[in-house]
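Data first, discussion second: the structure below is written as structure tokens.
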Amino acid sequence: MLASLPIAFSAPLALAALALLPALWLILRVTPPRPRRIDFPPLKIMADLIAKREMPAHTPWWLLALRMAVAALAILAVAGPVWNPPREAGPMRGPMLLLIDNGFGAATDWPERQAISESRLAAATREGRPVAIVGLAEAPGEITLSEPRAALDRLRALALQPHAPDRSAHLQRIEAFLRSAPEAETVWVSDGLSIADDGPFLARLKQEADARRLSIHAAPPGQLALTSPENLAGALAVKVLRPTSAATATGHVRALDLKGLPLGDASFIFNGSDLQTSARLTLPIEVRNAVSRLEIVGERSAAAVALLDDRAKRRRVGIVSGTTTDTAQPLLSPTYYVSRALSPFAEIREPRPGSTDPIGELLAQNLSVLVLADIGALDGDTVGKINSFIQRGGVLLRFAGARLAAAADDLTPVRLRRGGRTLGGGLSWETPRKLAPFTRESPFFGIAINDDVRVSRQILAEPEADLARKTWAALEDGTPVVTGERRGDGMIAMMHVTADTTWSNLPLSGLFVDMLRKVVGLAGTGPSEAQGEDARVDTLSPTRVLDGHGAFRSPPATAQPVARTFAGRATLAHPPGIYGPADGSLAVNALNPADSLRAIDLAALGAPILPVDKPVAFDIRPQLLVLALLCLIADTLATLWLGGRLNIARRAGRAAPAAILLALVLIGAATPEMARAQAVPAAPADDRPPIPRELFAAGAVTRLAYVVTGDKTVDDMSKAGLAGLNIVLGARTALEPGEAVGVNADRDELAFFPVLYWPIVAGRPIPAPETLRKLEAYMKGGGLVIFDTRDAMSARPGGGTTPEGEQLRRMLQTLDIPELEPLPRDHVLTKTFYILDGFVGRYDAGTTWVEILPPAGEDGRRPARAGDNVSPIVITSNDLASAWAVGRRGEALVPLSGSDPRQREMALRAGVNLVMYALTGNYKADQVHVPALLERLGQ
């Protein structure tokens, strides 16, 4: 009988307490309200001798009923009632198979999908049915039934994955499970998207739907995705996909660098019912080459992110030809074939017609690759320029020809034999030769060779010991066609055929384009130690990968290396992210260039489609508790009224609004939405009004400031510390600072304060990106921020990062801060007012970090810094504010932990030096270097 009711209890034994209600009725009935107390005022004896109202001898029946209702509601709430409406398919008796799409398509509403899955699991548990859970984006495994607690743990451990679910991979095990449990109910929490071929999977679910054993939870697909990022000439283009025409039609794509800083935005719009469009970011080539990530603004999904690797950088290539027919017959010019092959992925630069120094003119344009097509003799000055270009990381690509065959210089990777090998000559072959397969050590390894490519003439290389190592491509007989070697940080590569079709048909093939792309990609790939057979790594390990919401994280244990030639979409073993070193990285994205987002026709399955944001079962305990509390309030008011302590007629007008407001607050606090909101860490409450700008107008006193963290103990200590430092500054220096101010970094203007003291509290929310940008502007504008982690006593050498240190690291990882170093003994901070050996506070064991100074000269002295530039950031762990803090009578508030009896005095002196440093800059450093400056000026 109870099983068919739409209500269930998680603790039904608690309902046994309802049997005690009759006894409670009797106890309450014989316990009347307390007698009314009548005062005896001397002037109203006759008026108040007789009570105005008779008091009942027993508790009124309606008050008894109200109290019984409070007890019954409390007992029902303890029993854990859950409202479980009947489903269309009727009650199920067999086990439940819960299939969950936990790929990137579920990122937009993943919490709701987890909630609906837990709701279905709870409903099956109350019905006494075991559950098997399958994450369709996980690796296929054996499907087994679990007890309720184990199933709930398995469900909560299911993580959102950054790749598309491979549903067909699970089909075999799903069929095996359904054969062993033919009465099982199948529940599919679907994202509604199809990337691969899901036909067999959907056909199997159609059989379950025909047997009325399938239900689907899904929301209308509206996800957006990015694919096919291309660094084109003049713009960075990316393809934007959507699954249906009802999805979002407009949006913005943002470009970011490796540090997460935005570099540019571009809008996109879908026309009509189009399912794909493109966004173009028009940026300078240097900015485009710095882009490592494109993302759709407002979309938190791995599919809404397109990563770019080293291959996407658009290099600047300069081409110089030794021929003179470029203008008369451009289609016969060697530069025509090279420029056409390079233009899709490089920016082509050619010298001005009639230039007297074409190579020098191009090298001055910040080239990545210099191409010399049949250039013969080079003068010494030009050779020196080219050698400097190569040593700095540039790539020199030379093509053979009649001029190069007759010339001699050292700008070739191998020694060349005079003349050439031609068809029908002394060193000849009878038929044109084909290319041999590329070796594993060649940069061209993995490129498919066109079978119709033929070479009829080439420049031969002189035999030498390391010729095989320098050979990147060879003919069938083993003679080199492409050679190369590293020099310094750059490289020299040489094609032993011409750049046009006179010696081979290679320039007419697609192989020519692929080979040139590989050569151009070698620009800036590191020092010469990376050369050699041992450095040719076939696989690349992941360095940073995306999570399901599109944010970077460390690679998980399941991530495996990929081959250099990997071109597939992301999987569980190869999550989307950056693989390999920064100078030769490979980007793996959630989608392939050929992929598209397709919406699954769920209605064709014939199963009921339920929403994902509306649980199938509702916990009604909060409503019962609120109702019981309201009844208890009514009981209290009634008892006061019956005891004569509450005059309803006179005070109802004042008490009713307060009672209504209290009831609304209690009801709001008991709602599930409020409960979920309270579970999320909120920013520290700060009801102070913003600091008025007029207070710090021109002529106002100088004030120090501290950041309000929301922790009252820490904030009070910061205020007391700056108050103690103000006393010392006023007594010992010419500065008369005003009262220290606590600022809210989110909304207050920081530019009015020369020094900002920021104590780090672990567990507090990280400031918003807008706040961090404001803080960055404050530091770049001349402000000094003192970050104090206050963890010198808890930090241990080699013991890992403390919670405060980790909090500071996460806060600073997106800030553009300078490189830091431990405070040097000769730093200007140690001599701005007092001459100090170090900076101590409550503790003396921590390290103080400042911006790194320029290297010392030969005499051991560090040069003075330009202008009044100071370190914008100081990081310490010695808890400075506690050492400065004083009470109302000037007494120290906190004992110190060091052994030096003058530690508090030294801490105050350190504070004075910090303030003087922020206000006066490096004038002390300039004074130290006055003799050197006068000597340089010739005085």
Can you name the nearest heavy-atom pair linking [X] to [Y], along with the distance?
X: E361; Y: R352; result: OE2-N, 3.2 Å
X: G510; Y: N450; result: N-ND2, 3.9 Å
X: P413; Y: M494; result: CD-CB, 3.7 Å
X: E299; Y: A304; result: CB-CB, 3.6 Å
X: L281; Y: A266; result: CG-CB, 3.6 Å
X: R293; Y: L546; result: NH1-CD2, 3.5 Å

Taking the side chain from [X] and the backbone from [Y], do they hold a donor-acceptor pair closer than 3.5 Å?
X: T539; Y: P561; value: no
X: R417; Y: P463; value: no
X: S194; Y: I600; value: no
X: S456; Y: W503; value: yes
X: N592; Y: R569; value: yes
X: N387; Y: V383; value: yes
X: T498; Y: G401; value: no
X: R454; Y: R433; value: no
X: S368; Y: R315; value: no
X: R242; Y: D274; value: yes

Any side-chain heavy-atom pair from [X] and [Y] closer than 4.5 angstrom?
X: Q223; Y: P243; answer: yes
X: L275; Y: L241; answer: no
X: D500; Y: P507; answer: no
X: M495; Y: L397; answer: yes
X: L294; Y: L308; answer: yes
X: F270; Y: V240; answer: yes
X: V453; Y: N505; answer: yes
X: D514; Y: L516; answer: no

State whether the number of non-hydrogen atoms from other residues, nucleotides or ligands found under 6.0 Å of [X] atom [atom1] is greater than 12.
X: Q391; atom1: CD; answer: yes
X: R340; atom1: CZ; answer: no
X: K470; atom1: NZ; answer: yes

Distance-only side-chain donor-acceptor flag, [X] / [Y], under 3.5 Å:
X: S596; Y: Q276; result: no
X: H496; Y: T483; result: yes
X: E138; Y: Q161; result: yes
X: T335; Y: S339; result: no
X: N231; Y: R288; result: yes

Q) Passes salt bridge (charged side-chain N to carboxylate O under 4.0 Å, His left out), D265 versus R254? Steps please. A) CA-CA 4 Å; D265 288 2; R254 178 167 296 161; 3.2 Å; yes
Q. Does a salt bridge link R553 with D547, judged by any charged N lying under 4.0 Å from a carboxylate O?
A. no
Q: State plainly whether the residues D489 and R392 are in salt-bridge range, i.e. N to O under 4.0 Å.
A: no
Working to the nearest 0.5 angstrom, can you tell me the gap between [X] [atom1] and [Y] [atom2]?
X: S321; Y: L372; atom1: OG; atom2: CG; result: 9.5 Å
X: L226; Y: L224; atom1: CG; atom2: CG; result: 8.5 Å
X: R280; Y: S267; atom1: CZ; atom2: OG; result: 12.5 Å
X: R487; Y: F389; atom1: CZ; atom2: CZ; result: 13.5 Å
X: D451; Y: S509; atom1: CG; atom2: OG; result: 11.5 Å
X: R398; Y: I459; atom1: CZ; atom2: CD1; result: 9.5 Å

(Q) Applying the side chain to side chain contact (heavy atoms under 4.5 Å, CB included) criterion to F444, which one of I449, V519, L511 satisfies it? (A) V519
Q.
Is there a salt bridge (charged side-chain N to carboxylate O under 4.0 Å, His left out) between R415 and D410? Walk through the geometry before answering.
A. CA-CA 8 Å; R415 291 186 301 112; D410 63 345; over 6 Å; no
Q | side chain to side chain contact (heavy atoms under 4.5 Å, CB included) assessment of V253 paired with F268 | A | CA-CA 8 Å; V253 173; F268 62 86; 3.8 Å; yes
Q: Test E230 against L236 for side chain to side chain contact (heavy atoms under 4.5 Å, CB included), laying out the working first.
A: CA-CA 6 Å; E230 292 183 283; L236 190 63; over 6 Å; no
Q. Yes or no on side chain to side chain contact (heavy atoms under 4.5 Å, CB included) for V588 and F566, after CA distance, side-chain angles and deciding distance?
A. CA-CA 8 Å; V588 176; F566 183 83; 3.8 Å; yes
(Q) Evaluate V371 against E350 for side chain to side chain contact (heavy atoms under 4.5 Å, CB included), listing each step before the verdict. (A) CA-CA 10 Å; V371 179; E350 295 189 36; over 6 Å; no
Q | F201: ring-ring contact (aromatic ring centres under 6.0 Å, His included) partners, not counting sequence neighbours | A | W188
